[in-house]
Amino acid sequence: LMDFNGIGRAFVQHYYNTFDSNRAALSSLYRDQSLMTFEGACLQGQQKIMEKFGSLTFQTVKHEVQCIDCQPSVSGGVLVSVVGMLKTDGDAPQRFSQTFHLIAEGNNFWVSNDMFRLNYG
């Protein structure tokens, strides 16, 4: 039986550590069929997703994860829901939520679906 909680938690730690230190290194987690919804804008494919990450204007970013919920998906993947705080440059921290669908490929996982939202108010 798959340890979906362990997989989800390890992925989240890796994803945000990488995002906060070197966003370009996230490219290996996405494929051409990956879908991302970023603040309502839908992007398909590794190239478009990485272009979006490259266009973000902040110099420094720090994600502070507050809770992670994981479920196994019927396709053999893992669904991961994250809630936390996001701090960019000198700005006040903002709440965010992000959901990932991870697909198994050998011993590794890639992101099939990724939905990101800032939570205002």
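Keep in mind it's a predicted model, so treat the numbers as computed, not measured. Values below: every heavy atom of this structure, side chains too, minus hydrogens, waters and symmetry copies. Positions are given from 1, in the same order as the sequence printed here.
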Spatial distance of atom [atom1] ([X]) from atom [atom2] ([Y]) [nearest 0.5 Å]:
{"X": "T60", "Y": "D89", "atom1": "OG1", "atom2": "CG", "value": "4.0 Å"}
{"X": "S112", "Y": "L79", "atom1": "OG", "atom2": "CG", "value": "10.0 Å"}
{"X": "F11", "Y": "I68", "atom1": "CZ", "atom2": "CD1", "value": "10.5 Å"}
{"X": "L118", "Y": "F38", "atom1": "CG", "atom2": "CZ", "value": "7.0 Å"}
{"X": "M115", "Y": "E39", "atom1": "CE", "atom2": "CD", "value": "13.5 Å"}
{"X": "Q98", "Y": "R117", "atom1": "CD", "atom2": "CZ", "value": "12.0 Å"}

[Y] and [X], any side-chain heavy atoms less than 4.5 Å apart:
{"X": "Q44", "Y": "D32", "result": "no"}
{"X": "M2", "Y": "P72", "result": "yes"}
{"X": "I103", "Y": "S75", "result": "yes"}
{"X": "D114", "Y": "Y15", "result": "yes"}
{"X": "V61", "Y": "K87", "result": "no"}

Go through it in stages, so that I can follow the logic: the residues are W110 and L102, the test is side chain to side chain contact (heavy atoms under 4.5 Å, CB included), and I'd like the CA-CA distance, side-chain angles, deciding distance and then a yes or no. CA-CA 5 Å; W110 59 276; L102 308 179; over 6 Å; no
Heavy-atom neighbours of [X] [atom1] exceed 12 at 6.0 Å:
{"X": "Q71", "atom1": "CD", "value": "no"}
{"X": "Q33", "atom1": "CD", "value": "yes"}
{"X": "Q66", "atom1": "CD", "value": "yes"}

Mark yes or no for whether [X], through its side chain, and [Y], through its backbone, hold a donor-acceptor pair below 3.5 Å.
{"X": "N17", "Y": "Q13", "answer": "yes"}
{"X": "S34", "Y": "V111", "answer": "yes"}
{"X": "N113", "Y": "F100", "answer": "no"}
{"X": "Q94", "Y": "N119", "answer": "no"}

What heavy-atom pair brings [X] and [Y] nearest, and what distance separates the two atoms?
{"X": "F4", "Y": "C70", "value": "CE1-O, 3.3 Å"}
{"X": "D20", "Y": "H63", "value": "OD1-ND1, 2.6 Å"}
{"X": "H101", "Y": "S73", "value": "NE2-OG, 3.0 Å"}

When the ring centroid of F96 is compared with that of Y16, is the distance short of 6.0 Å?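 Under 6.0 Å, so yes.
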For F53, which of F116, F58, F19 qualifies under ring pair (Phe, Tyr, Trp, His ring centres under 6.0 Å)?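 Result: among F116, F58, F19, F19 is the only option passing the ring pair (Phe, Tyr, Trp, His ring centres under 6.0 Å) with F53.
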Full working for side chain to side chain contact (heavy atoms under 4.5 Å, CB included) between M85 and K62: CA-CA 8 Å; M85 299 296 286; K62 178 74 178 129; over 6 Å; no
[X] with [Y], same ILVMFWY side-chain cluster at under 4.5 Å:
{"X": "L35", "Y": "L26", "value": "no"}
{"X": "L86", "Y": "Y120", "value": "yes"}
{"X": "I7", "Y": "V65", "value": "yes"}

